[in-house]
Amino acid sequence: MKVHIILSGWDKERSIWGCMRIGADRVYILLPEKGHEKVIAEWGNEKTRALAEEIKKKYSKFFEIKFIYVRFEDYVYSFKKIIKIINEEKGNEVFVNISSGSHVVAAAAIFAASLTKSKAYYVIAEKYDEIFKEPDRVISYGGKEVIDVPLLPISYLSDVEIEMLKIIEKESRIAVSELAKKARNLFSTPTRSKFNYYVRKLEDLGFVKNEVISGRLYTKITDPGKMIINAFL
């Protein structure tokens with residue numbers, strides 16, 4: 001099955017155009033949650049939701065359409081919602097359309113697609129309308145071309161690294177010597193050097209932060225590390 005994740009915005013055909021061109025069996029449309037207007041005024045969010053309803057009414061005869069509500073200003077929250085969709089669609093071909101909607105959510109979508117080896121694309125609009133604040137106006141109309149978006153070269157983490165991240169997150173901050181005790185079952189022959197190697201590697205990737213306190217090496221999870229754990233739950 002082909003599954004598309006679309007960031008809803010003020011574009012009428014552009015957001016759905018890629019689905020028609022590439023083909024789709026199921027489409028998730030990401031919409032702004034009510035009560036979160038840090039990025040755009042409430043009238044803007046209402047307009048976004050109204051346009052999504054129009055799209056669903058017009059295109060649901062071609063493929064299944066589901067609405068997913070995210071916070072357009074919250075990167076981590078949006079990432080969790082997107083990664084949940086991708087994990088539930090495991091085994092299917094997943095496409096992420098970043099042509100419209102919040103730039104914050106678009107960034108989260110690209111990160112999620114990169115981690116899961118999904119596909120991402122951007123649709124060039126056929127034309128734009130400069131007057132889009134009125135209820136009957138949208139930013140753009142139609143589609144012109146699908147542009148593939150190169151994804152981040154993120155290496156797939158090993159099971160050992162994922163499990164180690166989970167232990168670190170659970171403990172908030174933990175001495176590597178203590179981590180070696182709690183995670184000794186991850187290795188047939190656990191040694192301190194192995195744990196030092198992995199926490200340094202995870203720090204290089206930005207998933208943990210290490211610091212020396214009173215001569216002991218401690219490690220703690222970072223926000224990207226938490227996102228990685230959510231990606232592989």
Side-chain angles (χ1 to χ4, degrees), residues 1-33 48-72 74-126 138 140-159 162 227-233:
M1 290 181 62
K2 290 184 177 180
V3 177
H4 291 247
I5 300 173
I6 294 173
L7 281 62
S8 185
W10 294 350
D11 302 281
K12 205 165 188 178
E13 292 92 1
R14 187 181 178 195
S15 59
I16 207 75
W17 194 81
C19 299
M20 302 299 290
R21 185 63 177 267
I22 297 169
D25 298 289
R26 185 178 298 121
V27 175
Y28 294 88
I29 300 180
L30 304 183
L31 296 171
E33 281 187 357
T48 300
R49 289 187 282 266
L51 285 169
E53 290 287 354
E54 287 185 32
I55 289 171
K56 185 174 183 179
K57 184 177 180 181
K58 183 177 180 179
Y59 291 95
S60 58
K61 60 184 176 182
F62 299 108
F63 32 70
E64 180 185 6
I65 296 178
K66 293 184 176 183
F67 287 164
I68 301 294
Y69 293 91
V70 300
R71 297 171 187 170
F72 273 27
D74 192 324
Y75 182 95
V76 175
Y77 183 86
S78 298
F79 171 84
K80 289 180 179 179
K81 285 293 190 81
I82 296 167
I83 208 72
K84 185 174 185 291
I85 295 171
I86 295 174
N87 284 338
E88 288 176 351
E89 294 293 347
K90 195 171 184 179
N92 292 326
E93 192 174 12
V94 178
F95 300 84
V96 177
N97 181 342
I98 61 166
S99 306
S100 191
S102 160
H103 295 319
V104 173
V105 182
I110 289 175
F111 186 35
S114 298
L115 284 174
T116 56
K117 310 303 181 187
S118 300
K119 298 176 182 178
Y121 66 91
Y122 177 91
V123 175
I124 297 177
E126 185 177 7
V138 291
S140 65
Y141 297 86
K144 186 177 181 181
E145 184 181 355
V146 173
I147 302 297
D148 290 332
V149 177
L151 299 176
L152 302 172
I154 300 174
S155 300
Y156 197 94
L157 296 184
S158 67
D159 291 340
I162 295 296
M227 292 166 72
I228 287 291
I229 293 172
N230 277 280
F232 296 105
L233 284 178

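Side-chain atoms are counted along with the backbone in the values below, which use heavy atoms only and exclude waters and symmetry mates. What you are looking at is a predicted structure, and each value in this text was computed from that prediction instead of being measured.
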Checklist entry - Going through the checks in order, is the side-chain contact (heavy atoms from CB on, under 4.5 Å) test met by Tyr77 and Glu33? => result CA-CA 11 Å; Tyr77 183 86; Glu33 281 187 357; 2.5 Å; yes
Could you grab the distance from atom [atom1] of [X] to atom [atom2] of [Y], nearest 0.5 Å is fine?
| X | Y | atom1 | atom2 | answer |
| --- | --- | --- | --- | --- |
| Ile6 | Leu30 | CD1 | CG | 8.5 Å |
| Tyr28 | Lys84 | OH | NZ | 8.5 Å |
| Ile124 | Glu126 | CD1 | CD | 12.0 Å |

Which heavy-atom pair separates [X] from [Y] by the least distance, and what is that distance?
| X | Y | answer |
| --- | --- | --- |
| Arg14 | Asn97 | O-ND2, 3.9 Å |
| Val123 | Ser99 | N-OG, 2.6 Å |
| Val70 | Ser78 | CB-OG, 3.8 Å |
| Ser60 | Ile65 | N-CD1, 3.8 Å |
| Ser100 | Gly9 | OG-CA, 3.2 Å |
| Val27 | Ala24 | CG2-CB, 4.0 Å |

Under a 3.5 Å distance rule, please check whether [X] uses its side chain to pair with a backbone N or O of [Y] as donor and acceptor.
| X | Y | answer |
| --- | --- | --- |
| Arg49 | Leu31 | no |
| His4 | Ile29 | no |
| Lys2 | Ile22 | yes |

Item to check | Residue among Phe72, Phe79, Tyr75 satisfying side-chain contact (heavy atoms from CB on, under 4.5 Å) with Val105 | outcome: Phe72
Item to check | Sole residue of Ile5, Ile85, Ile82, Thr116 in side-chain contact (heavy atoms from CB on, under 4.5 Å) with Val94 | outcome: Ile5
Item to check | Lys57 bridged to Glu53 by N-O distance under 4.0 Å | outcome: no
Checklist entry - How are the rings of Phe95 and Tyr121 set to each other: parallel, tilted or perpendicular (split at 30° and 60°)? => result perpendicular
Next on the checklist: Parallel, tilted or perpendicular: which one describes the rings of Phe63 and Tyr59, with boundaries at 30° and 60°?
Outcome noted: parallel
Next on the checklist: Is any side-chain heavy atom of Arg26 closer than 4.5 Å to one of Glu89?
Outcome noted: yes
Checklist entry - So do the side chains of Ser15 and Ile55 get within less than 4.5 Å of each other, counting heavy atoms only? => result yes
Next on the checklist: Going by the rule salt bridge (charged side-chain N to carboxylate O under 4.0 Å, His left out), which residues pair with Lys56 if we only count those two or more places apart in sequence or in a different chain?
Outcome noted: none
Next on the checklist: Checking Asp25 now: which residues fulfil side chain to side chain donor-acceptor pair (under 3.5 Å) with it, not counting sequence neighbours?
Outcome noted: none
